Amino acid sequence: MNTHKIDYKNIYYPPGGILMWIIIFLELLTFGMALVAFVYYGKEQPELFHQSRLQLNSTFGAINTIFLLTSGFFMANAVLEFKNNNRLKSSLYFKLTMLGGTLFLILKGVEYYHKMESGITPETNVFFTFYWLLTAFHLIHVIMGLVILIWTNYGMMKKNSDTGIDDVEACAAFWHMCDLIWLLLFPVLYLIF
């Protein structure tokens, strides 16, 4: 039974609070501007961008998309179970979410290793400058998201925990932002050019 009522007049009504949504908006704006610049340069140098894109492993990108989308599904279930006062099940979903994020990091690390072994760095060309900057910036967000997940899950499972639904929803909102950013990056970097 859901015992948490939404107070529509409360400034914290958006899941995770208004401040978290301001952060999400600014992050999406930042990534959005970078993607617009990427597309602009891609139209200026279509052959270079096409040949560079062919050097990316779209299978790795697709698998990482599955990892993040699956982890987002588990995060949504973690929130639902927390709202239903089932902290143990919520914690299990938190751990499954973290597993998806960790698998994403491992596969991205393998992809980076292959790029470096092939001599592909940010200095290779403008495509790979964008590739490295955008994916590394996203990777930092995933790492931050994992730290937030670990911290929130730990706090939630403590005896006499003061972790509330706002904390869990803020954690979920940040994690879903990581999912959304990857859903923008993957097709633009790996599929379009």
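Just so it is clear, the values below take in all heavy atoms, side chains as well, and ignore hydrogens, waters and symmetry mates. Sequence positions, counted from 1, serve as the residue numbers for this chain. Note that the structure is predicted; figures quoted are calculated from it, not measured.
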Handout entry: From CA spacing to verdict: side-chain contact (heavy atoms from CB on, under 4.5 Å), Lys115, Trp132
Key = CA-CA 10 Å; Lys115 293 289 165 282; Trp132 281 98; 3.6 Å; yes

Please round to the nearest 0.5 Å and tell me the distance separating atom [atom1] of [X] and atom [atom2] of [Y].
{"X": "Phe104", "Y": "Leu146", "atom1": "CZ", "atom2": "CG", "result": "10.0 Å"}
{"X": "Leu69", "Y": "Leu183", "atom1": "CG", "atom2": "CG", "result": "5.0 Å"}
{"X": "Tyr93", "Y": "Asn153", "atom1": "OH", "atom2": "CG", "result": "14.0 Å"}
{"X": "Leu99", "Y": "Leu149", "atom1": "CG", "atom2": "CG", "result": "12.0 Å"}
{"X": "Leu103", "Y": "Leu68", "atom1": "CG", "atom2": "CG", "result": "10.0 Å"}
{"X": "Met75", "Y": "Leu96", "atom1": "CE", "atom2": "CG", "result": "11.0 Å"}

Donor-acceptor contact below 3.5 Å, side chain [X] vs main chain [Y]:
{"X": "Ser161", "Y": "Gly155", "value": "yes"}
{"X": "Thr121", "Y": "Glu123", "value": "yes"}
{"X": "Ser91", "Y": "Arg87", "value": "no"}
{"X": "His138", "Y": "Cys178", "value": "yes"}
{"X": "Ser90", "Y": "Asn86", "value": "no"}
{"X": "Asn57", "Y": "Thr59", "value": "yes"}
{"X": "Asn77", "Y": "Phe73", "value": "yes"}

Handout entry: Same cluster (ILVMFWY, side-chain, under 4.5 Å), Ile23 and Val168
Key = no

Problem - Hphob cluster co-occupancy, Leu56 + Ile66, side-chain heavy atoms under 4.5 angstrom - result: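 No, it is not one cluster - the side chains of Leu56 and Ile66 are not joined through contacts under 4.5 Å.
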
Practice task
Check whether more than 12 heavy atoms from other residues, nucleotides or ligands sit under 6.0 Å from atom OH of Tyr112, and answer yes or no.
Solution key: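 Enclosed: over 12 neighbouring heavy atoms sit under 6.0 Å from OH of Tyr112.
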
Handout entry: Pair Trp175-Ser71, side-chain donor/acceptor within less than 3.5 Å
Key = yes

Handout entry: Donor + acceptor pair across side chains of Gln51, Glu47 (<3.5 Å)
Key =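 Yes, Glu47 and Gln51 have a side-chain donor paired with an acceptor closer than 3.5 Å.
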
Please find out if less than 6.0 Å separates the ring center of [X] from that of [Y].
{"X": "Phe60", "Y": "Tyr190", "result": "no"}
{"X": "Phe38", "Y": "Tyr131", "result": "no"}
{"X": "Phe31", "Y": "His141", "result": "yes"}

Exercise for the section: For Tyr154, enumerate each residue passing the side-chain hydrogen bond (donor to acceptor under 3.5 Å, both in side chains) test, keeping only those at least two apart in sequence or located in another chain. Expected result: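 Residues passing side-chain hydrogen bond (donor to acceptor under 3.5 Å, both in side chains) with Tyr154: none at all.
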
Problem - Taking every non-hydrogen atom, the tightest pair across Arg53 and Leu189 - result: CG-O, 3.2 Å

Practice task
Determine, step by step, whether Asn64 and Phe67 satisfy the side-chain contact (heavy atoms from CB on, under 4.5 Å) criterion, reporting the C-alpha distance in whole Å, the side-chain angles of both residues, the deciding distance to 0.1 Å, and the verdict.
Solution key: CA-CA 5 Å; Asn64 263 342; Phe67 286 155; 3.4 Å; yes

